[in-house]
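Worksheet: one structure, shown below.
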Amino acid sequence: MRLSELPKGTDAVVDRVHDAHAADPIAQRLRDLGFVDGEPVRVVAIGPLGADPLLIQIGSTRFALRRSEAARVTVRREAA
Amino acid sequence: MSASTLRIALVGNPNCGKTALFNLLTGGRQKVANYAGVTIERKEGRFTAPSGRVLQLLDLPGTYSLEANSPDEQITRDVLEGKYPGEARPDLIVCVADATNLRLHLRFVLEVKRLGLPVVLALNMVDAAQRRGIVIDVPELQRRLGLPVVETVAVRRGGALALIERVDGDVPVAAAALPDDAASRADLHAQVREILSAAVTMPRQTAAMDDALDRWALHPVFGLAILAVVMFLVFQAVYSAGKPMTDLIGEGFGWLGTQVAVLMPAGPLQSLIVDGLFGGLGTVIGFLPEILVLFFFILALEESGYLPRAAFLLDRLMMSVGLTGRSFIPLLSSFACAIPGIMGTRSIQDPRDRLATILVAPLMTCSARLPVYALLIGAFIPMHHVLGIFNLQGLVLFALYLAGILGAMAVGWVIKRIHRDKSEHALLMELPSYRMPKLRDIAIGLWERGAIFLKRLTGVILALTVLMWFISTFPSPPAGAVGPAINYSFAGYLGHGLQYIFAPLGFNWQISLSLIPAFAARETAVAALATVYAVGGDAGTGGLAHALVANFSLASALSLLVWFAFAPQCMSTLAVIRRETHSWRNVAISFSYMFAVAYAASLLTYQITRLLT
Ligand SMILES: Nc1nc2c(ncn2[C@@H]2O[C@H](COP(=O)(O)OP(=O)(O)OP(=O)(O)O)[C@@H](O)[C@H]2O)c(=O)[nH]1
Ligand SMILES: [Mg+2]
């Protein structure tokens, strides 16, 4: 499942980040920010207009990601 | 600089307290605020260690990774790799990490370690970590990282003693430089996880306070309502808290002027002092309270951590007009002054988003325009109450600010249309922990703003005012001349010449003339008008506001207000646009689009108001 499809408040674990195209800087930055296999993530808030952007908590950090950015991350729902 | 001066660079993730540490060590006054991307340039300072050694310290923009994504991150990478022009590679890196956010920050520490330079880790914000019950086993951390680790609290006096002692000692041995490739990058995360499980215990991933506040602040409905209320309150406070003081100061200077007039013989010198200095500068200085109230709120909001939340709420809206949530903070600081606003866009990664933000930033009503607005509104708009609670003067001021914002949205939308590109624009913005602003820091910030304002006043504004007085007084009219003497002065000729351009907007020659010094500094328009009217003898006794009402129609006044809402920004702003975008073309675009918009909007305002009144 993609991170952009994860319901708000549900715990999940990052699977991996997919490059949207070759040498995708956004995907690389997401990996550097800690979106790597096994990290627990959660959607903590959703933007008021068009349900965009998403506020993602990963570890103890909160990042605002647009849906298109969050769609690069696949997650699994498993008890972390 | 002696060759033996140790050169230390502060690096780390954004918002971990590098600049706070820099200020604490060097006694500097660089900007500290609670959001990512505050520092956008390298800043140098020095301090003397207890041993008597002088150490040179470099504050750098924060970055998540050495794979730079934006212009500010690029600076940090270049300095660390020794590629920054005119800057040797640092001898020692002090890597700063937020102790409450180690999972993210330690990865960067490991990345920096691979550069092969000596590194000391400053574990900052240990006060906040302690409050949250986070326990860090420093010796274990040190052993696992293979780096000296010291704890710091950058916002407390004496909070960096351990760090000073460490950097004053022997330079630690550098780890071997390692190549940077995708596989080893991925490996860094695994290492961080291992280190964390061995050295750090966290009772809770986040601060309970942040979660509670965010439930309200980021709520789809309440969040927007709170944002609207916050903005409106700031605005009301600027107007209602500042106004009485402004009136008081204005009257004080008026009184001083009359006292001096009695003491001095009549003549050009008396007119310079009474009309130019007390009348002109006195009027401008009266607006200091409004400006300070505005800065009070901006400083408090910046430190609170609320601004990135506002950016989160508004991202979608801003995106629809070709901007980004990341534009929010630069645009908000443009309400103080467009110059730091434009410089702040360096933290926007996307070039198109950044350029759009730079082009619209001057449309935000900067604090230098406040005196002009307040003067004209006070003179022309009655104190009516509307719907019981609002007063008409406040509403007009609000409308002018709103005009700037709507104008910016329209311009952003046009840029988006013209500059179509398929590329994706990232947001990727960290929301920091909330922090209680410290009164002392705000007081220092306000003191500095006040000092800058007074320096401007006694520098460029004073000089321009004297110049305006000079050209309004000389040359004296020839013998046998008819009409007011000022018509024969340089100012008279210049103003009447300019009036050909501005007459359709309802500007008389005095106003047209005052637009020239306003281009150097907005506030000078007020001082210039005060001077010209006083020298021309049209000022009467009631001060500038009365002189304006006597010489000026409502239509002209509204037209002038609208002009200032959109008019081309001051020279310094144009210079910053040139510096930040490296292009005269952008300067020309910016100047001409604003001139065209301002001209058209003022023309409409003048002609429509004339029809209606
Ligand atoms: N409680 C606490 N707050 C701190 C400490 N150090 C810094 N802060 C706060 O952290 C925030 C960020 O501080 P800065 O010094 O601007 O951070 P920076 O690393 O320079 O940030 P960038 O320039 O954006 O990279 C501010 O709100 C500071 O008041 C600390 O030791 N304890
Ligand atoms: Mg900084």
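Order of the sequence lines fixes the chain letters, A, B, ..., with proteins taken first and strands second; residue numbering starts at 1 for each chain.
Judged by distance alone, with hydrogens and angles left aside, the side-chain atoms of B:His189 form a donor-acceptor pair with the main-chain N or O of A:Arg31 at under 3.5 Å. B:Arg103 places a side-chain N or O within donor-acceptor distance of the main-chain N or O of A:Ile58, the cut-off being under 3.5 Å. A donor-acceptor pair under 3.5 Å is absent between the side-chain atoms of B:Arg107 and the main chain of A:Leu33, judged by distance alone.
Contact of B:Pro432 with chain A is made through the backbone alone, with heavy-atom distances under 4.5 Å. In this structure, no portion of A:Arg67 lies under 4.5 Å from any heavy atom of chain B. At a 4.5 Å heavy-atom cutoff, the contact between B:Arg309 and chain A is made by side-chain atoms alone. Neither the backbone nor the side chain of A:Ile56 comes within contact range of chain B, judged by heavy atoms closer than 4.5 Å.
No other option in B:Leu313, B:Leu224, B:Val192, B:Asn101 has as many heavy-atom pairs under 4.5 Å with chain A as B:Asn101. Your options are B:Leu317, B:Asp210, B:Val221, B:Asp211, and the one with the most heavy-atom pairs under 4.5 Å with chain A is B:Asp210. Contact count against chain B (heavy-atom pairs under 4.5 Å) is highest for A:Leu55 among A:Leu55, A:Leu30, A:Val44, A:Asp37. Highest contact tally toward chain A, considering only B:Ser320, B:Ala36, B:Ala426, is held by B:Ala426 [criterion: heavy-atom pairs under 4.5 Å]. Interface check for chain B: of the options A:Ala20, A:Ser68, A:Ala51, A:Pro25, the most heavy-atom pairs under 4.5 Å are formed by A:Ser68. In terms of heavy-atom pairs under 4.5 Å with chain A, the best-connected choice from B:Thr206, B:Leu218, B:Leu428 is B:Leu428.
The line from CE of B:Met319 to CG of A:Leu49 is 11.0 Å long, rounded to the nearest 0.5 Å. Here the OG-CG distance, from A:Ser60 to B:Asp98, works out to 8.0 Å after rounding to the nearest 0.5 Å. Atom CZ of residue A:Arg29 and atom CD of residue B:Gln349 lie 6.5 Å apart, to the nearest 0.5 angstrom. Summarising the geometry, atom CZ belonging to B:Phe312 is positioned 7.0 Å from atom CG belonging to A:Leu54; distances are rounded to the nearest 0.5 Å. To the nearest 0.5 Å, atom NE2 of residue B:His105 and atom OG1 of residue A:Thr61 are 6.5 Å apart.
Environment of CZ in A:Arg2: sparse, with no more than 12 heavy atoms of neighbouring residues, nucleotides or ligands closer than 6.0 Å. In this structure, A:Met1 places its CE atom where more than 12 heavy-atom neighbours from other residues, nucleotides or ligands lie under 6.0 Å away.
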**Request:** Could you check B:Arg193 against A:Glu39 for salt bridge (Lys or Arg N to Asp or Glu O under 4.0 Å), going step by step and ending with a plain yes or no?
**Result:** CA-CA 10 Å; B:Arg193 242 179 263 175; A:Glu39 284 296 324; 3.1 Å; yes
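Closest non-hydrogen pair, B:Pro220 versus A:Pro48, comes out as O-CB, 3.4 Å. Across B:Arg316 and A:Gly50, no two heavy atoms sit closer than the pair NH1-O, 3.6 Å.
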